Undergrad: 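Sending over a structure as structure tokens; questions will come in a sec.
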Amino acid sequence: MVRVLLNAPKQVRLGQVFDIKLLISHPMEPGQRRDAMGQKIPRDIINTLRCTFNDRLVMQADLFPAIAANPYFAFTAQVAESGILAVEFTDDHGVTQREQMRIEVL
Amino acid sequence: MNALLIALVLLATPVHAADLHSGYADESKAIQAMQDDDDANPAQLWVLQGEQAWDDAPAPGVKSCMECHGKIASMKGVAARYPVWDAARNRAITLPDRVNLCRTEKQGLPALGRERETMLGLTAAIGKQSLGLPISVATSGPLAEIGAQGQAVFFQRQGQLDLSCADCHNDLAGRSLGGATIPQGHPNGYPLYRLEWQQLGSLQRRIRNCLTGMRADTYRDDSPEMQALEVYLAQRANGLKIETPAVRP
């Protein structure tokens, strides 16, 4: 489990476009570097990021090396009903982590 | 004797007292924005961990920080007045020292290294409670002497490049070193997130970083030179606002 900061308004007006900000604590090891012994450090990045609202896809991204550690994502969305905003990401170890919060439409 | 005192007081005055400013002012707008927005500042990941570490018992049957001190908000102003003089131990103690003293004496736990995640988290979370408060470290009493020792270290030329801290951070502050602007070198944002480190780091780490760049021997965290330098840097930055946790390139 890595530390995740998911930030979006808890309440929005109908039709309001709002920001979703996501900060993930992750080394994002690019796979090109070598350690002190000259051995390649295996690639370890978050390779897929999905954001859903009530299980409907909002945003999906395929990620590649050369993204700095502790990546930050910001995007916008608009929802028509109250529900659960969830982000899911998978790293090169195949571990998937999910973070979610509830958004109320006023 | 009086003349000597006056000379000492003059020496202790920062060279750039009129133009005291945080490294924040030397950064690009992008980095300033990253620091200012809690949602984008990666150091927040450590702050949250530190707030959790404050509330939780560190081991079964051991009192948490909160059980003695109350909510972490009670730490407001603490980071602004450290390092302080500890009369009982007859030495200056920094904020990480204070955390370790609580751990070893009150909680019966081993001391933590400066760069351990828990230490960085706790000092970042405690420091953040003083966000915006001016640094106000004592410059009289026993700390005056320690500060003077630290000042001597600050002005001491050392390493293969024969540089002192003052050469860059007093005389050349605001000029360029490679692509970066040389800051005045104030400790008002530590522990801070350095993009080059891609993680949070302590003031001690930053100082070691500089010393390595000067091709000088580094000081150990608990060496008298490091302690004195930390006291001097804080006294030199008196009046600057705390920015913990800051972001730097």
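Owing to the predicted nature of the structure, the values given are computational and were not obtained by experimental measurement.
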Undergrad: For Asp35(A), does the CG atom have more than 12 heavy-atom neighbours from other residues, nucleotides or ligands under 6.0 Å away?
TA: yes
Undergrad: Would you mind writing out the side-chain donor-acceptor pairs for residues 201-208 of chain B within the sub-3.5 Å range, not counting sequence neighbours?
TA:
unit_1, atom_1, unit_2, atom_2, d
Ser202(B), OG, Glu115(B), OE2, 2.4
Ser202(B), OG, Gln204(B), N, 3.4
Ser202(B), OG, Gln204(B), OE1, 3.1
Ser202(B), OG, Arg205(B), N, 3.2
Gln204(B), OE1, Arg114(B), NH1, 3.3
Gln204(B), NE2, Glu230(B), OE1, 2.7
Gln204(B), NE2, Glu230(B), OE2, 2.8
Arg208(B), NH1, Asp221(B), OD1, 2.8

Undergrad: Among residues 15-33 of chain A, which residues come closer than 4.5 Å to chain B, judged by heavy atom distances?
TA: Lys21(A), Leu23(A), Ile24(A), Ser25(A), Pro27(A)
Undergrad: Is it the side chain or the backbone of Asp37(B) that comes within 4.5 Å of chain A heavy atoms, both, or neither?
TA: side chain
Undergrad: Applying a heavy-atom distance below 4.5 Å, give me the residues of residues 57-82 of chain A that approach chain B, sorted by number.
TA: Ala68(A), Ala69(A), Asn70(A), Tyr72(A)
Undergrad: Hey, is CZ on Arg98(A) packed in by over 12 heavy atoms from elsewhere, all under 6.0 Å?
TA: yes
Undergrad: Which answer fits Leu195(B), side chain, backbone, both or neither, if we ask what part of it has an atom under 4.5 Å from a heavy atom of chain A?
TA: neither
Undergrad: What's the verdict on side-chain contact (heavy atoms from CB on, under 4.5 Å) for Leu5(A) and Asp39(B), showing C-alpha distance, side-chain angles and the deciding distance?
TA: CA-CA 7 Å; Leu5(A) 271 172; Asp39(B) 300 333; over 6 Å; no
Undergrad: A quick test of your reading: do over 12 heavy atoms of other residues, nucleotides or ligands sit less than 6.0 Å from CZ of Arg116(B)?
TA: no
Undergrad: With sequence neighbours excluded, give me every side chain to side chain donor-acceptor pair (under 3.5 Å) pair touching residues 54-73 of chain B.
TA: Gln52(B)-Asp56(B)
Undergrad: Inspect the surroundings of CG in Leu177(B) and state if more than 12 heavy atoms from other residues, nucleotides or ligands are less than 6.0 Å away.
TA: no
